[in-house]
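Computed from a predicted structure; not experimentally measured. Labels below follow one simple rule: chain letters A, B, ... track the order of the sequence lines, proteins then strands, and each chain is numbered from 1.
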2 protein chains.
Amino acid sequence: MLRTMAIGVGRAVQTGALFRRLRTLHPSSARELAQCARAGTPQGPGGGGRAASGAAVLSAVGLGLAVCASRREHAEHPVLLGYDTSTFMAPTVTQIAELRQAVEEQNNSSGESGKLGTGEDRTRVEMELLIMKVQGDVCHELERLDGEGQFLVDCWKREEGGGGITCVMQNGKVFEKAGVNVSVVHGKLPPAAAAQMRSRGHTLKAGPDGLLPFVAMGVSSVIHPLNPHVPTMHFNYRYFEIQQIDGTKDWWFGGGSDLTPCYLYPDDASHFHKTLQSAMKPHSPHLYPHFKKWCDDYFVNTHRGNERRGIGGIFFDDYCPEGESGQTALSLVRSLTNAIIPAYSPIVERRMGITYSDLEWEWQQLRRGRYVEFNLVHDRGTKFGLMTPGSRTESILMSLPLTARWEYKHEPPAGSREAELLEVLRQPRELIWMDDNRLPKAVLNGELSNGKRDRGAPYKHFNDSPKKYLSIYNINHQLWETQPADRAAW
Amino acid sequence: MLRTMAIGVGRAVQTGALFRRLRTLHPSSARELAQCARAGTPQGPGGGGRAASGAAVLSAVGLGLAVCASRREHAEHPVLLGYDTSTFMAPTVTQIAELRQAVEEQNNSSGESGKLGTGEDRTRVEMELLIMKVQGDVCHELERLDGEGQFLVDCWKREEGGGGITCVMQNGKVFEKAGVNVSVVHGKLPPAAAAQMRSRGHTLKAGPDGLLPFVAMGVSSVIHPLNPHVPTMHFNYRYFEIQQIDGTKDWWFGGGSDLTPCYLYPDDASHFHKTLQSAMKPHSPHLYPHFKKWCDDYFVNTHRGNERRGIGGIFFDDYCPEGESGQTALSLVRSLTNAIIPAYSPIVERRMGITYSDLEWEWQQLRRGRYVEFNLVHDRGTKFGLMTPGSRTESILMSLPLTARWEYKHEPPAGSREAELLEVLRQPRELIWMDDNRLPKAVLNGELSNGKRDRGAPYKHFNDSPKKYLSIYNINHQLWETQPADRAAW
């Protein structure tokens, strides 16, 4: 209750801060904000008219209208599909009325007549509400943790269709730079580009114009704390839909959450990974080691001797399991997004108070240099975004830290805590850290060997677990007798 | 004379600094230095044996030997093809004896028997000596300007063949980070890779093994000063040679010099461009506007609304003019490398004393963020290097500044000096700035219209200059009457 109030106040102050900030905004963002206002305002001549004329001042008024509009909207019927839209940072990119209509059409099972079509409509509508909820929840939680920093809310429209909401906090007390970005874009793509959007591309049947209607939406965030002992966190959850000429829809989810510390705290790594693992267990426990390995294999600075960006987490793409509905797939994504704050927030709270030296700060700056290298040289999303005409560079590069550093051939002294981190980055450990240093539970009870645990059955013995699962955990099965003594090395 | 002595002292101190630095060096660089030592040391059992055993300490001895070895070499016959090898930062990558032998074979026109083959051998040998000279001259000049900073000399070998010498100064009094890198690599390439090395690729006739022997060598440098009023400078001059099955050699030069200031000083821009233009004039004056435009078109952050990285300079690639010998082409490169210090040094001297504010420093940090973006996202050489297995990342990323900064949607206030720079970066001006703001001389006298100035003839009138040359200078010929009033806008 108290916390909700605190957030309420936060929002109010933030809107004020936003108005002040607007005077110094880039003209283009003023335009964007005006567009955002139009998007969020009931299209009466009043709102439209006001938003249509003038520059910065109007854009401020415009955003004011936008926020009020969404507030009015919320006041009347704040909840849609169980999502409380009054906690969102801004009005949804797709007009809330349009989303509501789509839901009603679904409920009346008259979808085929609706201009949004049938099938995955509910999934799409719910995903847009979900990413808005995640943005709101994360921004409010970071503002709570920081105590001082406020998010700037920046709405923008994409000429080709859709738009987004970029929330950025800079120079907070705890967070040096944090960005949480929602984007919902739609339009038509040439098949080649459509295939490129998908890591396992396959031929898509385009319409007579040779184009494919698509919808892409997601929430992505990078959080760079001030204190070198608080890890940087990144998460991104996205949904793609491509409509083929025969009306069939090709859809998939992608995403992940991963942690990038400057100093290794096994407890933090353990907590982070176990929280993600638990979130996935009810859906399909065998996915965790797969997604965990995918993360270890993706966030790699190959040009730095395959040094990992961080201590991992999970990463997945093209997620549309055979025979599963969009709703079922979405439920996994929902669990993973619900796990973001529980996975990260406790780590921030227990490390943000640690005092640090100039050397530790400098080490953080060097690690941020590596972060920049990965994002600009290797990250598929960033490269695709920067090369796409009309994409919004400021939202894409929101992921870069406020400051970074490069020294020629810097190498921490052997045995130092800095060197300890590098070891893990160069050879990822098994990261289901168990509090009490037991063998990974999944290995002990063979939970993974048959995709799910034998409910009620006695735990299997360690050597019942198939070797292939041991290999997933980088555990040499021939040495398993000695493993307990060697836990620290996993 | 005095300066030479100063340099002598500088070298001595630097070697001392180097020995101290070695204790903290990465093991791998210790290995590299040991290899360097072997490369530079007469392969007697003594030198070889000592260099072959032990780690860091030996590598220090190794380098000591290397330096001494080259010194001994110099003492006997320091000059080769007119290049004083005693001014080099380290022994040449190709053993000096081998280079000498190649030259003698040339002189005795018995090249066909030499294992280096005939034809462009002299060009290749001289290019290696030239890039070593440039490295030495620039390092010594930067040490002179800095007064405190010393270059670390780091020799390295490339397993596939060849190696390099990386000189880095960090945390100097004037230069925050400066790197001057020489590399001479050779080996065999698949035709695809060979073609990729060349921007205008064309089919090459490979040997029975389907591979093409190649040699690639160059000197590249990025100099990041501490003071925001002193511009960053980059230069790079390179030579490629690919041998086809029929023995014919495909060769070309590439390179350029460009300036990246944080604040616009027209005098500096004018001086820099005119120095380069003058260096090219004796060879082929019509090349300057072409190479200048190439530079403006290459160093562009397309993802930042085509913002240029800096105020330009020259850039060229695939330079092997029809019917010209390697020697003739090399003479242009020689002039351009000789122009590096005269183009940059006076600018450093007249700006390094300016006091600057925290805001100016922060602006510099933001501009460095853009520098990082260009190098990691767009620069062909960097991308090619980072993706090439076995390439030396530390030498490639030597170009990155010590520190950089990214702020969400930072935009300097209209009319500020920061905004003035952005204007020029977003719309490159005609950059043959004339001291007295006259129209560009080349435009006035039609010097470019026929490739060279009509010696002795009266200057042509402005309107004699063909429109196509005006367009090169972004001058609208229909408005030329008004141009003089509007010079500032060029």
Quiz item: Quick one: what part of Thr403(B) sits under 4.5 Å from any heavy atom of chain A, side chain, backbone, both or neither?
Solution: both
Self-check item: Residues Arg368(B) and Glu176(B) bridged, charged N to O under 4.0 Å
Solution: yes
Quiz item: In terms of side-chain geometry, is the basic nitrogen of Arg367(A) or Glu362(A) positioned less than 4.0 Å from the acidic oxygen of its partner?
Solution: no
Quiz prompt | Closest contact, heavy atoms only, Gly310(A) versus Leu425(A) | solution = O-CD2, 3.3 Å
Quiz item: Are the aromatic ring centres of Tyr298(A) and Phe374(A) under 6.0 angstrom apart?
Solution: yes
Quiz prompt | Contact origin within Val377(A) toward chain B - heavy atom pairs under 4.5 Å | solution = both
Quiz item: His224(A) versus chain B, heavy atoms under 4.5 Å apart: side chain, backbone, both or neither?
Solution: neither
Self-check item: Basic-acidic side-chain contact under 4.0 Å: Arg392(B), Asp154(B)
Solution: yes
Practice problem: Pick whichever of Thr166(B), Ile396(B), Thr393(B) has the most heavy-atom pairs under 4.5 Å with chain A. | Solution: Thr393(B)
Quiz item: Between Arg405(B), His303(B), Glu394(B), which has the largest tally of heavy atom pairs under 4.5 Å with chain A?
Solution: Glu394(B)
Self-check item: Proximal component of Gln365(B), with respect to chain A [non-hydrogen, under 4.5 Å]
Solution: neither
Self-check item: Contact class of Leu366(A) relative to chain B, heavy atoms under 4.5 angstrom
Solution: neither
Quiz item: Which one of Asn375(A), Thr232(A), Asn181(A) satisfies the side-chain hydrogen bond (donor to acceptor under 3.5 Å, both in side chains) criterion with Ser399(A)?
Solution: Asn375(A)
